[in-house]
Each structure stands twice: as structure tokens, then as C-alpha cells.
Peer 1: 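Please read through the structure below; I'll follow up with questions.
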Amino acid sequence: MNMMLDELLTIKGLKVYFYTRDGVIPAVDDVSFHIKKGETLGLVGESGCGKSVTSLSILQLLPQPPGRIESGEILFCGEDLLKKNKKEIKGIRGNRISMIFQEVMNSLNPVLTIGRQLTEVIEVHQELNREQATKKAVEILNIVGIPRPKNVMTTYPHQLSGGMRQRVMIAMALLCKPELLIADEPTTALDVTIQAQVIELMKGIKEMLGTSILFISHDLALVSEMAERIIVMYAGNIIEEAETTELFSTPMHPYTKGLLSSIPTLTGERGKLNIIKGSVPRPTDFPDGCRFHPRCEMQIKCCLDKTPPLVKIGKNRMVRCWLYS
């Protein structure tokens with residue numbers, strides 16, 4: 001009972017399909033997980049595995065058509081977001097749940113100043129006038145470490161560096177002190193120094209505001225810096241879930257093992273980097289049985305024609321593999 005009270009977001013049996021000329025694409029296929037209050041959950045996997053589609057479904061930002069949520073529940077504080085109308089979702093989006101998108105330049109309006117874009121969010125969700133909204137926007141820019149925030153309020157996105165634009169996006173997402181922050185590849189296209197700064201910034205904000213974070217990335221090493229628990233996705237399915245330290249010390253699924261062994265080390269002790277052969281299958285042509293079996297070096301006979309279930313191995317440990325079923 002107490003565990004349920006601690007869960008801020010719970011997704012149950014989510015299925016998201018895209019209807020295209022090439023056929024039906026099961027982008028997210030029966031995905032279930034939860035995020036606790038104050039927790040950072042990492043969601044990892046190669047491009048095309050369903051990470052971003054899952055996150056967009058939470059806030060009903062999927063392009064419809066061609067996308068459609070076929071079934072499932074997305075419970076936020078016990079209420080199913082999929083049953084909310086457009087007005088109700090608008091009141092939650094950017095207010096109680098915020099999102100940092102991958103493409104910073106595509107997320108910021110190039111013809112509006114940074115200040116106008118920030119104050120607009122405040123005016124939509126809070127009963128503040130322009131002067132009050134401006135004061136709050138300057139305060140949040142200062143919190144995310146932007147120097148001379150009053151001057152930045154008058155600038156346009158193209159006048160800022162990539163790192164500064166990313167900080168503005170984080171500021172925008174935090175304006176209303178959301179309960180859940182969805183960070184979808186928040187460090188894409190940033191150099192490693194700026195990546196480290198953004199990670200430390202998000203950690204500090206989490207401690208300051210108590211915000212839960214869904215941190216989405218293809219980079220396991222990066223996610224390990226942020227998340228207490230990690231979910232690994234492949235071809236629309238969750239294939240492994242574990243606490244971060246446990247996942248890195250004892251990975252169970254062959255795909256997870258492959259991802260971890262492909263992470264470079266400073267010492268170079270592993271020698272030549274491991275490569276997972278092949279590529280993620282096209283969503284319109286998923287293989288029978290385990291979707292990873294064409295690339296798996298540990299496949300057994302049943303992998304070829306039977307889909308493995310996601311089974312619970314320990315208290316916070318799940319894996320989808322016939323080797324453990």
C-alpha cells in the first residue's frame with residue numbers, strides 16, 4: 001500500500017502503434033513501469049526502441065494520425081492521463097509535468113526573445129501579471145546558472161550557445177516547479193564538458209525541488225550518472241529493469257551485456273570495444289520469438305519462435321529472456 005502511495009507515475013500495458021503505408025508499426029508494445037516520488041528513472045536503448053514515443057505518450061504529444069495509443073493506462077498521482085480531455089492535459093503539461101526535448105533549436109521559437117517565451121509559460125499556468133512573470137523568469141534563469149539573466153531575457157535563441165540554450169530549456173521546464181520532469185536526450189549535440197554541467201545542474205535541481213525525473217538516453221554511462229534505477233528497451237519492449245548499481249555489476253540480458261561491454265574506458269583495459277552485431281529490426285518486420293535473437297550470441301531453440309515474458313528475478317529486478325524464464 002505504501003509503495004503505491006510513493007508512485008508518482010505508473011504506466012500499465014501501454015501499446016502505441018503507428019499506421020503507415022508500410023504497415024502497422026508497434027512502436028511501444030505492452031510497456032509497464034513506475035516512477036517514485038523524488039526518483040530519477042533512466043530509460044535507455046538504441047534509436048528506434050520506443051523511448052521517445054513512450055515519453056510523448058505521457059503528455060499526449062504524439063502526432064495523431066499516424067500514431068495511436070491502442071491500450072494501457074498512464075496514471076499520474078492515481079489519475080489516468082489518457083482519460084483527460086485536451087483542456088485538462090493542457091493544465092498538466094508544462095505545469096505538473098514538464099519536458100526537455102532533444103532538439104533545442106527546434107524547441108525554442110526563433111522569432112521570440114527568451115524572456116517572452118519564459119513569461120508566456122508562467123502566464124498560461126499561473127495567475128501572474130507580466131512584471132511578476134518577468135521577475136520569476138529571471139529568478140529561474142539565475143537558478144540554472146545563466147550569467148546576466150536580465151540581459152539574456154532580451155536575446156533570441158540564435159544568439160546563445162548550445163549549452164546556454166539547453167539551460168534555457170531546463171529553466172522553461174522548471175518554471176512551474178513540476179512534480180515530474182521528462183528529459184529526452186537532454187545533452188544531445190553538447191560537448192562532454194557541457195554535458196557534465198547539465199547533469200550536475202539537473203542533480204542540483206532535483207535535490208532543491210524534489211522533482212522526479214524520467215531521464216531518456218541511448219548512453220548507459222551518462223544515465224548511470226543520473227538514475228537510481230534503469231530500464232532497458234529494445235524494439236518496443238522492456239527487456240531489463242534493475243537498480244543502477246545492480247545493472248552495471250551483474251547485467252542479465254544479452255543486449256544489456258552488449259551495451260555495457262561497448263562502453264569505452266579511460267584505461268583501455270578491455271582492449272577492442274565490443275560491437276553488437278546487426279541492427280535494431282524494422283518495426284514492420286520484427287522477427288518471431290525474441291526480438292533480439294537475430295543479434296544474440298546466446299540464443300537457444302525457443303528464442304526463435306516463442307516470445308519471452310518479462311519475469312521478476314528479484315525485488316527490483318526484471319528481465320525478458322528465456323535464459324531466466
Peer 1: Salt-bridged, Arg320 to Glu240, with N to O below 4.0 Å?
Peer 2: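 Glu240 and Arg320: not salt-bridged.
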
Peer 1: Taking NZ, NE, NH1 and NH2 as the nitrogens, is one of them in Lys12 or Asp30 under 4.0 Å from a carboxylate oxygen of the other?
Peer 2: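 The answer is no: the pair does not qualify as a salt bridge.
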
Peer 1: With sequence neighbours excluded, what pairs up with Arg229 under the salt bridge (Lys or Arg N to Asp or Glu O under 4.0 Å) test?
Peer 2: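 Here the qualifying residues are Glu39, Glu241.
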
Peer 1: Test of understanding: with side chain to side chain donor-acceptor pair (under 3.5 Å), list the residues that count as partners of Arg295, not counting sequence neighbours.
Peer 2: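 Side chain to side chain donor-acceptor pair (under 3.5 Å) list for Arg295, sorted by chain: Glu46, Tyr234.
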
Peer 1: With sequence neighbours excluded, what pairs up with Arg68 under the salt bridge (Lys or Arg N to Asp or Glu O under 4.0 Å) test?
Peer 2: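 By the salt bridge (Lys or Arg N to Asp or Glu O under 4.0 Å) rule, Arg68 matches Glu70.
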
Peer 1: Please identify each residue that fulfils side chain to side chain donor-acceptor pair (under 3.5 Å) with Glu179, with sequence neighbours left out.
Peer 2: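 Result, side chain to side chain donor-acceptor pair (under 3.5 Å) vs Glu179: Arg96.
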
Peer 1: With sequence neighbours left out, what residues match Gln197 under side chain to side chain donor-acceptor pair (under 3.5 Å)?
Peer 2: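 Listed in chain order: Arg167.
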
Peer 1: Under 4.5 Å side-chain heavy-atom separation, chaining through any Ile, Leu, Val, Met, Phe, Trp or Tyr, what else clusters with Tyr17? Say none if it is isolated.
Peer 2: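 Its cluster partners, ordered by chain and number, are Tyr19, Val24.
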
Peer 1: Which other residues belong to the hydrophobic cluster containing Tyr324, where Ile, Leu, Val, Met, Phe, Trp and Tyr are joined when side-chain heavy atoms lie under 4.5 Å apart, directly or via other members?
Peer 2: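 Direct or chained contacts put Tyr324 with Met252, Met298, Ile300, Val311, Ile313, Val319, Trp322, Leu323.
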
Peer 1: Begin from the C-alpha positions of Gln126 and Lys136 and carry the test side chain to side chain donor-acceptor pair (under 3.5 Å) through to its verdict.
Peer 2: CA-CA 11 Å; Gln126 301 179 18; Lys136 186 167 185 178; 2.8 Å; yes

Peer 1: Quiz question: by atom type and distance under 3.5 Å, do the side chains of Thr40 and Lys206 form a donor-acceptor pair?
Peer 2: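 Yes, a side-chain donor-acceptor pair sits under 3.5 Å.
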
Peer 1: Under the rule for side chain to side chain donor-acceptor pair (under 3.5 Å), what residues qualify as partners of Glu88, not counting sequence neighbours?
Peer 2: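 Expected list: none.
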
Peer 1: Can you see whether Glu243 engages Asn316 through a side-chain donor-acceptor pair at a distance of less than 3.5 angstrom?
Peer 2: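 Per modelled atom types, Glu243 and Asn316 side chains form a pair under 3.5 Å.
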
Peer 1: Under the salt bridge (Lys or Arg N to Asp or Glu O under 4.0 Å) rule, collect the residues that match up with Glu200, sequence neighbours excluded.
Peer 2: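 Testing Glu200 for salt bridge (Lys or Arg N to Asp or Glu O under 4.0 Å), a comparison that skips the adjacent residues, returns Lys203.
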
Peer 1: Kindly give the cluster partners of Tyr156, where membership spreads through any ILVMFWY side chain lying under 4.5 Å from a current member.
Peer 2: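 None; Tyr156 is a cluster of one.
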
Peer 1: Regarding Asp184 and Ser52, is there a side-chain donor-to-acceptor distance under 3.5 Å anywhere?
Peer 2: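 Ser52 and Asp184 do have a side-chain donor-acceptor pair below 3.5 Å.
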
Peer 1: Please report the interatomic distance CD1(Ile100) to CD1(Ile216), rounded to the nearest 0.5 Å.
Peer 2: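 Answer for the CD1-CD1 pair, Ile100 versus Ile216, is 10.5 Å.
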
Peer 1: Quick one: list whatever passes salt bridge (Lys or Arg N to Asp or Glu O under 4.0 Å) with Glu79, sequence neighbours left out.
Peer 2: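 Only Lys84 meet the salt bridge (Lys or Arg N to Asp or Glu O under 4.0 Å) criterion with Glu79.
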
Peer 1: Supply the members, apart from Leu304, of the Ile/Leu/Val/Met/Phe/Trp/Tyr cluster built from side-chain contacts under 4.5 Å; use none for a lone residue.
Peer 2: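 In the cluster with Leu304 there is nothing else; it is isolated.
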
